[in-house]
Amino acid sequence: MIEAWSVADVRAAEHPLLAAGDPLMERASFALATIVARDVARRRSVVGPDGGRRDGRVTGARAVLLVGPGNNGGDTLFAGAHLVRRGMGVLAVLASEHVHGGGLAALRRAGGRVVELVPESGGEGGASRWGDPDPATVEDAVSRAVGADVVLDGLLGIGASGALRGPAAVLVRRLVEVLGARTDRDERGGDGSVRSRPWVVAVDVPSGIGVDDGTLPGTVLRADRTVTFGAAKPGLLVPPAAGAAGHGAVVEIGLALGADPAGPPGPAVRRLEARDVGRLWTVPGPEDQKYTRGVLGVVAGTPTFPGAAVLVTSAAVRTGPGMVRYQGPDDVARAVLAARPEVVPASGRVQAWALGSGVPAAAAGGAGHDEPDPGGQHARIRAALADAAGDPGGATSSGGPVPTVVDAGALSLLPDRCPPWFVLTPHAGELATLLQGRGEAVDRPGVEAEPLRWARRAHELTGATVLLKGSVTLVVGPARVYAQADAPAWLATAGAGDVLTGILGVVLAGHAARAVAEPGSVAELAAAAALVHGLAAERANPGGPISALDVAAAVPGVVCELVAAR
Ligand SMILES: NC(=O)C1=CN([C@@H]2O[C@H](COP(=O)(O)OP(=O)(O)OC[C@H]3O[C@@H](n4cnc5c(N)ncnc54)[C@H](O)[C@@H]3O)[C@@H](O)[C@H]2O)[C@@H](O)CC1
Ligand SMILES: Nc1ncnc2c1ncn2[C@@H]1O[C@H](COP(=O)(O)OP(=O)(O)O)[C@@H](O)[C@H]1O
Ligand SMILES: [K+]
């Protein structure tokens, strides 16, 4: 599992070490330089005499450091000194009047070059040194950065507040503009080494992201790699900032995060990895029979949208339940059975529900739909929701409260307050609608700009666990947040969410008692389902287009690998 800690927690963990004189910056900058040199060697790899690739030379490669006012710039300058000693040509672009003195001296001693974005003399006629930097110097710095092998972004770290300001902002805006105008595709030279774009390494975090909330308050230089110190930070996992972080590398600098029982309760954001999911998967034993393994009840699809019912049940059957029961109009049930004869088209006891995929939302005030309750599905969903909440008056008694996936149209049928074992699975548009219905003034772009904030808000307002779908899937439940980024962008295709509903329903059915008894566990189960969904999408057709049903078909293989590796 990747654990991301808040800025406050990281600072609190650094404090005793710094007070004791621990050389944190030396450790951080040495590790940073090592990773940068390794990346550069790989980027400059060449074809050897045997036809295989071997690492290229670091000596002679060019690095440009973008240096800001704080310790982040200090890390970068010290790393630059190490890179000079490894034979690289290093140029530091100082984007601030004051930079880390020790780091600057170390770089100069090693033989690195330095250019100041704002000339020492400052502006003429009383213009502020924090006014516009000299345009010619900016252009020169940008063209050197663009022509370098590697750019280290050390403008701001965890001390950032808001969008980049001052000369750093001017520099980054121009650099992003120039890099954006160049092809995203790497070009290989005659010897096979990579040319064209510099490899961008963010020091600790891409400068100017919202480190704790994952927002992008202004222009940020997208990194190919982020080397982060002590622990990952939330903004490296949470969109949209996570999209600027590239590959990750966490450098151990001795922070004892999580070790102090009196300290913070846990990481701010978590990301499950395959081995975590393998460990929590329920694997049947000889004493099991179909009812002990978990039965999933599905209410999905309508005569107009029967496909969703087929997708949910197909994915569910392939995720390994004891049984899948389907409830819906006869012609939809026939389509389900034609695709998956394993499905039982009858009501009965279930350990979890999957509700609402392919069912239109109930119109506010009951108006606006040709058919107020399409195929009778709204009534079935309402009954199942009451049943799942543990309402004794529930029409389809499952014998107690059971965890439930609430998707698509079922989101419009929720009670005011939900138990945390309800997992709402909106995409950004559906989350905006749900929040508007509860008095929040937010639209889809608003959710996309601050998905963590709004997923949290939906959890607070409803009490349910909220799984917000997107390129990174966020899960917010009681006391826990997960950010899963396992899926290829090819998964953004109609029906893919219905497949997730089926997978998640079966995961919940397999852990039904625990989900209700320990609501804190529900977010982890939902994150696990998102991981399986994402890996299945990748496996369905690596690097190419995928259809939703193909994702479902890939689930058994993914589960097999996960449990084999645990
Ligand atoms: N404390 C330590 O010894 C360690 C710190 N580390 C490094 O130190 C960094 C944190 O250092 P700092 O606390 O100095 O913070 P930063 O290096 O992030 O710099 C913060 C300073 O930048 C300025 N600033 C803030 N927001 C700005 C904006 N939007 N536009 C322009 N200027 C802005 C402010 O003057 C602020 O004080 C970490 O990210 C990490 O790289 C690591 O070396 C590990 C150990
Ligand atoms: N850019 C993306 N990269 C990876 N996965 C994505 C991306 N966009 C969407 N997804 C995933 O695809 C699925 C789409 O679900 P949804 O929007 O509910 O579609 P539908 O209702 O058609 O099934 C979700 O699981 C979501 O997380
Ligand atoms: K940085």
Side-chain angles (χ1 to χ4, degrees), residues 7 10-11 13-15 17-18 22-29 31-32 66-76 78-79 95-100 103 130 152-169 172 200-211 217-218 220-221 223 226-230 233 239 243 251 253-255 305 307-308 311-312 356-358 407-408 425-430 467-474 484-501 503-504 529-530 533-534 537-538 546 548 551:
V7 172
V10 170
R11 289 216 191 270
E14 277 176 356
H15 192 259
L17 300 178
L18 292 173
D22 256 15
L24 296 188
M25 193 174 275
E26 280 83 335
R27 250 177 242 157
S29 58
L32 169 62
L66 313 181
V67 180
N71 290 329
N72 193 252
D75 291 336
T76 309
F78 279 115
S96 176
E97 183 181 0
H98 301 290
V99 298
H100 193 280
W130 277 94
L152 273 66
D153 168 9
L155 293 166
L156 290 178
I158 62 174
S161 64
L164 281 169
R165 297 183 294 272
V172 165
V200 176
V201 177
V203 179
D204 208 15
V205 295
S207 298
I209 64 166
V211 181
V220 166
L221 179 61
T226 296
V227 180
T228 195
F229 305 128
K233 317 297 182 299
V251 168
I253 56 169
L255 306 188
F305 304 107
L311 288 165
V312 174
S357 307
D407 191 38
T425 60
H427 54 58
E430 288 166 336
L467 179 152
L468 173 56
K469 294 183 276 201
S471 64
V472 176
T473 292
L474 288 179
Q484 295 301 133
D486 312 287
W490 295 103
L491 186 57
T493 179
D498 306 337
V499 171
L500 176 65
T501 303
I503 297 171
L504 175 54
H533 185 231
E538 182 59 32
I546 44 185
V551 177

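All figures in this text were calculated on a predicted structure; none of them were measured in a lab. Start at 1 and go down the list; that is how both ligands and their atoms are numbered. Values reported hereafter were calculated over all heavy atoms of this structure, with side chains retained and with hydrogens, waters and symmetry mates removed.
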Heavy atoms only: which of [options] lies closest to [atom]?
atom                    : options                       : answer
atom 17 (O) of ligand 2 : His427, Gln484, Glu538        : His427
atom 40 (C) of ligand 1 : Leu24, Asn71, Leu32, Asp75    : Asp75
atom 29 (N) of ligand 1 : Ala163, Gly68, Ala160, Gly230 : Ala163

Checklist entry - What do you reckon, does Ile158 have a nitrogen or oxygen under 3.5 Å from a nitrogen or oxygen of ligand 1? => result yes

Item to check | Close N or O approach (Leu156, ligand 1; < 3.5 Å) | outcome: no

Confirm or rule out an N/O/S atom of [X], from backbone or side chain, lying less than 3.4 Å from the K ion (ligand 3).
X      : answer
Thr76  : no
Gly68  : no
Leu156 : yes

Checklist entry - How does Pro69 reach ligand 1, by side chain, by backbone, by both or by neither, if only non-hydrogen atoms under 4.0 Å count? => result side chain

Below 3.5 angstrom, do we get any N/O pair linking [X] and ligand 2?
X      : result
Gly470 : yes
Ala494 : no
Leu500 : no

For [X], atoms of ligand 2 separated by under 4.0 Å from a heavy atom:
X      : value
Ala487 : 4 (C), 5 (N)
Asp498 : 23 (O)
His533 : 25 (O)
Gly495 : 20 (P), 22 (O), 23 (O)
Ala492 : 7 (C), 8 (N), 9 (C)

Checklist outcome for this item: Taking every heavy atom of Ile158 against every heavy atom of Lys233, the minimum-distance pair comes out as CG2-CE, 3.8 Å

Checklist entry - Non-hydrogen atoms of Arg11 versus ligand 1: any pair closer than 4.0 Å? => result yes

Checklist entry - Side-chain contact, heavy-atom cut-off 4.5 Å: Leu156 with Pro69? => result yes

Just need the protein heavy atom nearest to [atom], so name the residue and atom and give the distance.
atom                    : value
atom 3 (N) of ligand 2  : Ala489 CA, 3.3 Å
atom 13 (C) of ligand 2 : Ala496 CB, 3.7 Å
atom 14 (C) of ligand 2 : Gly497 N, 3.7 Å

Checking contacts here: is it the side chain or the backbone of [X] that comes within 4.0 Å of ligand 2, counting heavy atoms only? Could be both or neither.
X      : result
Lys469 : both
Thr473 : side chain
Pro488 : backbone

Item to check | Heteroatom of Asp153 nearest to the K ion (ligand 3) (N, O or S, atom name) | outcome: O

Checklist entry - Does ligand 2 have an atom that lies less than 4.0 angstrom from a heavy atom of Ala530? => result no

Checklist entry - Angle subtended at the K ion (ligand 3) by OG of Ser207 and O of Val205, to 10 degrees? => result 100°

